[in-house]
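Worksheet for the structure shown next.
Just so you know, residue 1 is the first one in the sequence shown, and it goes up from there. Keep in mind that this is a model prediction, so the values were computed, not measured.
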Amino acid sequence: MKSLNRISITASNTMNQLQKQMDTIANNIANSQTTGYKKQRATFGELMYQQYNNQRNLEEEVNRLTPNGIRIGTGARVAQVQTVLTLGSIVQTGRALDFALTEPNQFFKVLAPKGNETAVHYTRDGSFYLSPLNANEVGLVTSEGYQVLDENNNPIIFNNNLQNMNLNPNGEIVFSDEAGNNVTFNLGIAQIHKPQTMARVGDNLMTLPDNMAELGITEADLLENLAGNLRAQIGLKNQALEQSNVDIGEEMTNLLQTQRAYQLQGRAITIADQMQGLINGIR
């Protein structure tokens, strides 16, 4: 009976973790057409196990090739959900306010809500728009309406009579009016060193985790603001967008494999329950 209970516990633990993997895969599939989206991968680890040493006299195991004893586990767990930063395909759009980053660890900086305040967030989605702020000014915003920041974390705001736009390779945007007057902005771009530590908060955004003090890390450990001379490292392409790096064929294969593993664990619970019923029925 004890071994049957162990089978049920192990299978139910694994089913719970496989559900998390299916949720990750489903989220990838749902965002397969999201500009700049980076897919995630769930990796598994082993839960606690018990070691049974059935041979106490080690001198009897001199020529043994396998480890002594039996290791009985209690299932698997999702050890980490990793963000895969491989580049998606770059598609030409011909639209002046579309930008594609060509370096995998670089992100645009935007201002978005975080709790009751606003904070700097990071995204690969370079589909920007102009949003009127008042009668004379417009701001550069994302497709979700978040303000795009410059290299000093200030919102990019300019007079609405500026018409023409040119982009320099280092992320410098030059707007000009009919009289030839120019206004220059440096797109805020950061290079993230540890993307797995960043918090994903929806709307295709990343931000700094709230528990950095507990993790013993600082903002400088996670990312670097590409300002000044560092802007030479920026890889940027105008009138283009980076597509999601999700491979639908791969995700569907992973989904089918995970569903089969889930069904196997459910079958193990059913068989264990039937065996317990048989044992209980013996009089």
Side-chain angles (χ1 to χ4, degrees), residues 17 20-21 23-45 77-88 99-128 141-155 171 186-227 230-231 233-236 241-247 251:
Q17 301 303 299
K20 294 181 180 180
Q21 185 182 31
D23 292 342
T24 301
I25 296 171
N27 188 56
N28 288 340
I29 294 175
N31 286 282
S32 61
Q33 300 300 316
T34 300
T35 302
Y37 176 80
K38 297 303 175 185
K39 64 185 177 183
Q40 293 181 293
R41 283 284 175 266
T43 56
F44 285 84
R77 66 181 178 89
V78 174
Q80 186 181 36
V81 178
Q82 298 177 323
T83 300
V84 181
L85 290 183
T86 55
L87 282 175
F99 303 91
L101 290 166
T102 57
E103 295 295 330
N105 283 58
Q106 295 178 1
F107 288 75
F108 298 108
K109 298 193 296 183
V110 301
L111 193 66
K114 187 175 183 180
N116 297 325
E117 302 177 349
T118 56
V120 179
H121 288 64
Y122 306 89
T123 182
R124 295 278 299 185
D125 186 354
S127 178
F128 298 149
V141 299
T142 68
S143 56
E144 299 292 337
Y146 301 127
Q147 289 182 301
V148 179
L149 303 178
D150 63 14
E151 63 179 350
N152 298 315
N153 293 342
N154 297 315
N186 286 326
L187 273 175
I189 297 174
Q191 185 153 305
I192 296 181
H193 303 305
K194 297 182 179 180
Q196 311 306 335
T197 309
M198 300 291 287
R200 295 180 68 140
V201 294
D203 287 342
N204 209 9
L205 298 175
M206 287 183 178
T207 189
L208 296 172
D210 294 328
N211 61 339
M212 286 198 297
E214 298 176 12
L215 296 173
I217 56 177
T218 64
E219 180 177 342
D221 296 324
L222 297 182
L223 55 87
E224 182 177 28
N225 183 34
L226 297 182
L230 295 177
R231 297 193 67 83
Q233 302 176 18
I234 294 175
L236 193 63
L241 290 175
E242 180 195 14
Q243 302 302 295
S244 167
N245 65 352
V246 174
D247 184 334
E251 297 300 327

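Heavy atoms only, all atoms of each residue included: Ala199 and Pro209 are closest at CB-CA, 4.3 Å. In this structure, Ser127 and Leu241 approach most closely via the heavy-atom pair N-CD2, 3.7 Å. Smallest separation of non-hydrogen atoms from Gln147 and Val141: CA-CG1, 4.2 Å. In this structure, Ile217 and Thr197 approach most closely via the heavy-atom pair CD1-CG2, 3.6 Å.
For Asn204 (side chain) and Thr123 (main-chain N/O), no donor-acceptor pair under 3.5 Å exists by modelled atom type. Not a single donor-acceptor pair under 3.5 Å links the side chain of Asp203 to the backbone N or O of Leu205. When atom types are taken as modelled, the side chain of Asn245 and the backbone of Val84 share a donor-acceptor pair closer than 3.5 angstrom. Proximity of a side-chain donor or acceptor of Glu224 to a complementary backbone N or O of Gln191 within less than 3.5 Å is not detected. Within the 3.5 Å criterion, the main-chain N or O of Ala227 finds no donor-acceptor partner in the side chain of Asn186. Judged by distance alone, with hydrogens and angles left aside, the side-chain atoms of Gln106 form a donor-acceptor pair with the main-chain N or O of Gln233 at under 3.5 Å.
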- Task: Determine, stepwise, if the pair His193 / Asp221 fulfils side chain to side chain contact (heavy atoms under 4.5 Å, CB included).
- Result: CA-CA 7 Å; His193 303 305; Asp221 296 324; over 6 Å; no
- Step-by-step side chain to side chain contact (heavy atoms under 4.5 Å, CB included) determination, Val148 to Thr142: CA-CA 7 Å; Val148 179; Thr142 68; 4.1 Å; yes
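Of the inter-residue distances, the one linking Asp23 atom CG with Asn28 atom CG reads 11.0 Å to the nearest 0.5 angstrom. For the atom pair CZ (Arg231) and CG (Asn225), the distance works out to 8.0 Å, reported to the nearest 0.5 Å. Note that NE2 of His121 and OG1 of Thr207 are 4.0 Å apart. Values are rounded to the nearest 0.5 Å. Summarising the geometry, atom CG belonging to Asn154 is positioned 7.5 Å from atom CG belonging to Leu149; distances are rounded to the nearest 0.5 Å. Between the CD atom of Gln21 and the CD atom of Gln40 there is a distance of 12.5 Å, given to the nearest 0.5 Å.
The shortest side-chain heavy-atom distance between Leu101 and Leu236 falls under the 4.5 Å cut-off. Residues Tyr37 and Ser32 have side chains not in contact (no heavy-atom distance under 4.5 Å, counting atoms from C-beta outward). Counting only heavy atoms from C-beta outward, the side chains of Ile189 and Phe108 approach each other to under 4.5 Å. Within the 4.5 Å cutoff, no side-chain heavy atoms of Met206 are placed close to those of Lys38. Two residues are said to be in side-chain contact when any heavy atoms from C-beta on lie closer than 4.5 Å; Thr24 and Lys20 fail this criterion. Side-chain contact between Met198 and Thr83 is absent, with no heavy-atom pair separated by less than 4.5 Å. Counting heavy atoms from C-beta on, the side chains of Asn31 and Val246 never come closer than 4.5 Å. Between Thr35 and Ser244 there is no side-chain heavy-atom pair separated by less than 4.5 Å.
In this pair, Phe128 and Phe99 present their aromatic rings tilted. The plane angle is within the 30 to 60° band.
Sorted by first then second residue, the salt bridge (Lys or Arg N to Asp or Glu O under 4.0 Å) pairs that include residues 100-127, not counting sequence neighbours, are Lys114-Asp210, Arg124-Glu242.
Around the CD atom of Gln80, the shell of radius 6.0 Å holds more than 12 heavy atoms that belong to other residues, nucleotides or ligands.
Residues meeting the side chain to side chain donor-acceptor pair (under 3.5 Å) test with Asp247, sequence neighbours left out: none.
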